[in-house]
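Below: the structure, in C-alpha cells.
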Amino acid sequence: MLDIKFIRENSDAVKEALINRQAEADVDGLLELDLLRRAAITEAEELKTERNAASKKIGALMKEGNKAEAEAAKESVRTLGDRISVLDEQVREIDEKIRNIILYIPNLPSDTTPVGQTEEDNPILRSVGEKKTFDFEVKPHWDIAEELKLVDFERGAKITGSGFPVYMGQGAKLQRALISFMLDLHTSEHGYTEVEPPFVCNADSMTGTGQLPKFSEDMYHIADGELYLIPTAEVPLTNLYREEIIDVETPLKVAAYTPCFRREAGAAGRDNRGLLRLHQFDKVEMVNFVKPEESAEQHEILIGEAENVLQRLGLHYRVIELCTADLGFSAAKCYDIELWAPGVERWLEVSSVSNFGDYQARRARIRFRDENGKPQFVHTLNGSGVALPRLVVALLENNQNADGTVTLPEALRPYMSGLERLG
RNA sequence: GGAGAGGUGGCAGAGUGGUCGAAUGCGCCGGUCUUGAAAACCGGAGAGCCGCAAGGUUCCGGGGGUUCGAAUCCCUCCCUCUCCGCCA
C-alpha cells in the first residue's frame, strides 16, 4: 500500500509509475476522496471538542446538584451528537472507498528498476555455468520421470485433478532431500531461522502481503471460514510480524518449506506439461525484515543466497531483472533466477527475489523503532530458495545419462542415503 | 464439541458511568552519586489520525448499541486459559 500522503504530494510520479507498469488506478478520484475525508474529519473533531467540553460541564453541574441547568445542557449537546454521528459515518464511508482504491494500487517501481513494455525487456544480469552438451538424444523430464517411476501424473489427476502430481519412490525422496538440503543451507550458512507455518491463512494476512483483494481468483478459498490455501510461504512468514513493532537492528531472516497452492486458471496446455506449472508445488522461501536504508544491499545478499543453492547443485542458471511491465504487484524491484532445461529447451524460473520496500509493511503494519524511538515501517524482502518442481526438471534433464539413469549432485547424496544415481 | 473464567501500555497488573490515556511494579531512556558499573534517588517516556503550527481528536481484543458522557453498562464476533468430552 502506498502512503496516501505520498500520493497527495507526488501524484504525477504515481501516475507515471502506473503507466510504466501498464496498470490503472483512479488517482484523481482518490485525491478527491482524500480531500473530502480530511474536511469531514476536521469538522467532526471541532464538534467533538465542543461536546467534550460541554459534557465535562454537565458532569460538574450534576455533581453540585444543579439538575435543571444540566438537563438544558444535555439537550443542546444531543443535537451536537447527532451531527457528529453523521460526520463519523461519512468518514467511515469515505475511508472504505479510499481503501477500495488504494489496495488496488501496485507498489512504485524502484528508481533502479528498468522501464519496459514486455518481458522481452527484462535485462539479463548474469549467466553462471554453461549449457551441457549430450552425445545422445535428451529426453524431457516427463519421460525421465515416468521411466524411473519418480512421478505419477495420472494418479495425481485421478485422486485430485490435473496439476497435482504424485511423487513416488525415489521421486518422493528427492523432494524431501531437496527441502532438507536447502533449509540446512539457509539456516546453517545464511543465518535463517527455520519456521514451519500454517499452510492456510486468513484474509487479513492475504491482504497484508498483497494477495487480496486483487488476486482472490488465483487462490484456493476454503468455504468454511475466511481461509485461503497459501500460494507461497511469503504470506505466513511476512505476516508473522503483522501489527507488531519488531527489532531489526540486524536483519530478521526467516525461512520455511511449505507446499504452495495456485489456481493457475487457464494455464493448462502444451507449454505447461509435466512439472512446469502446477496447482500444488513445494518451495523453500526466505523472508527478510530490514531497516529501510539496508534493503537495497540486503536484496543483493538475498539473491546471492538463492543462487548459492543452484551453485551447490552445479546447475547452469541466469539472473534477470524484471522491468516495470513485468514486476509483481507488491514489488519495487525484482530479480528472477532461471535454470536451463535442455529437455524442454527452455529457461525456467525457479526463484523470484523481490524488494517490497515499505509496501507490504504499511499494509501489514510491521514496524521497528528508529534511533529516536519512533515507530517506522520496515522494508520486507523475499526470495524463493528455491521452488522445487522446475529445479527437479533441471536436475533430471541436465543430469540424465545415456542409460536412462540420472546422476545426483554430490551435495544431495547425503540426503538420499548416499545414492549416486536415480534409476 | 460442552461448561466456566478472562482479554487494559514493552511485560505484569489496578480501575465497574464523568476529574482515566489510564494507578502501581518490573523493564526502558536521561540525570545525580561513582574511577566505572550496580544500588539508591530525581526526572522522562504509548500509538494512529487531522493540522504549517498551536493544538485537537481517536484508541483499554474487533464491530455495533445505550448515554450529554463508556475501559467501565448491553448485544455480537474473535481469541486465550481451566475443566469435561474427543482424538494423531
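All values reported here derive from a predicted model rather than from experimental measurement. Here is how names work: the chains are called A, B, and so on, in the same order as the sequence lines, proteins then strands, and each is numbered from 1.
A:N52 has a side-chain polar atom (N or O) that falls below the 4.0 Å cut-off from OP1 or OP2 of B:U57. In terms of phosphate contacts, A:R369 brings a side-chain nitrogen or oxygen within less than 4.0 Å of OP1 or OP2 of B:A47. Of the side-chain N and O atoms in A:R37, one or more sit less than 4.0 angstrom from OP1 or OP2 of B:C50. In this structure, A:N202 does not reach the B:C78 phosphate: none of its side-chain N or O atoms is under 4.0 Å from OP1 or OP2. Checking the phosphate oxygens (OP1, OP2) of B:C49, no side-chain nitrogen or oxygen of A:R38 falls inside 4.0 Å. Contact check, A:K374 against B:A47: a side-chain N or O comes under 4.0 Å of OP1 or OP2.
Nearest to the side-chain atoms of A:K5 among the listed nucleotides B:U57, B:C50, B:C68 stands B:C50. Comparing B:G64, B:C49, B:C68 by their closest approach to the side chain of A:V77 singles out B:C68. Picking from B:C68, B:C50, B:G64 the nucleotide with the shortest atom distance to the side chain of A:R92 gives B:G64.
Here the separation of B:U67 from B:C75, taken at their C1' atoms, is 16 Å to the nearest Å. A distance of about 26 Å separates the C1' atoms of B:C78 and B:A14, rounded to the whole Å. The separation of B:G4 from B:G9, taken at their C1' atoms, amounts to 29 Å, rounded to a whole angstrom. Using C1' as the reference atom, B:U57 and B:G69 are 16 Å apart when rounded to the nearest Å. To the nearest whole angstrom, the two P atoms, one in B:U19 and one in B:A71, are 9 Å apart. Taking atom P in both B:G10 and B:G62, one finds a spacing of 14 Å when rounded to whole Å. Separating the P atom of B:G6 from that of B:G61 is a span of 14 Å, rounded to the nearest Å. Taking the P atom of each, B:G7 and B:C73 are spaced 11 Å apart, rounded to whole Å.
Residue contacts for A:R367: at a heavy-atom cut-off of 4.0 Å it reaches the sugar-phosphate backbone alone, with no base atom in range. Nucleic acid contact for A:I58: base, since at least one base atom lies under 4.0 Å from a heavy atom of the residue.
B:A23 is unpaired under the criterion used here, namely a Watson-Crick or G-U wobble arrangement in which both key atom distances are under 3.5 Å. Using Watson-Crick or G-U wobble geometry with both donor-acceptor distances under 3.5 Å, B:G55 finds its partner in B:C50. Partner assigned to B:A88 is none, using Watson-Crick or G-U wobble distances below 3.5 angstrom. The partner of B:U34 cannot be assigned: no Watson-Crick or G-U wobble pair with both contacts below 3.5 Å exists in any strand. Pair assignment for B:G4 gives B:C81, based on Watson-Crick or G-U wobble hydrogen-bonding distances that are each under 3.5 Å.
For the pair A:E371 CD and B:C29 C1', the computed distance is 15 Å after rounding to whole Å. Atoms CG (A:L47) and C1' (B:U58) sit 15 Å apart, rounded to a whole Å. Atom pair A:I94:CD1 and B:C49:P shows a separation of 17 Å (rounding to whole Å applied). The CZ atom of A:R242 sits 14 Å away from the P atom of B:G62 (whole-angstrom rounding). Counting to the nearest Å, the C1' atom of B:G69 and the CD atom of A:E50 are 15 Å from each other. As rounded to whole Å, 12 Å separates atom P of B:C49 from atom CD1 of A:I4. Here the P atom of nucleotide B:A47 and the CD atom of A:Q376 are 11 Å apart, to the nearest Å. Between A:E45 atom CD and B:A54 atom P the separation is 15 Å, expressed in whole Å.
Note on A:R38 versus A:D34: salt bridge recorded, some NZ/NE/NH1/NH2 to OD/OE distance being below 4.0 Å.
Toward the 5′ end of RNA chain B lies the nearest nucleotide of A:T42, the other residue of the pair A:E46 and A:T42 mapping further downstream. Sequence order on RNA chain B of the closest nucleotides to A:P375 and A:R51 puts A:P375 first from the 5' end.
Remark: the backbone N or O of A:S76 is paired with a side-chain donor or acceptor of A:T79 at under 3.5 angstrom.
No donor-acceptor contact under 3.5 angstrom links the side chains of A:N52 and A:S55, judged on distance only. Residues A:T187 and A:E194 have side chains that never bring a donor and an acceptor to within less than 3.5 angstrom of each other.
Classified by interplanar angle (parallel below 30°, tilted 30° to 60°, perpendicular above 60°), the ring pair A:H190/A:Y192 is perpendicular. Using the six-membered ring where Trp is involved, A:Y415 and A:F181 have ring planes that are perpendicular, over 60° apart on the 30 and 60° scheme. Ring orientation note: the planes of A:F164 and A:Y220 are tilted relative to one another, at an angle of 30° to 60°.
Other residues, nucleotides and ligands place more than 12 heavy atoms under 6.0 Å from the CZ atom of A:R8.
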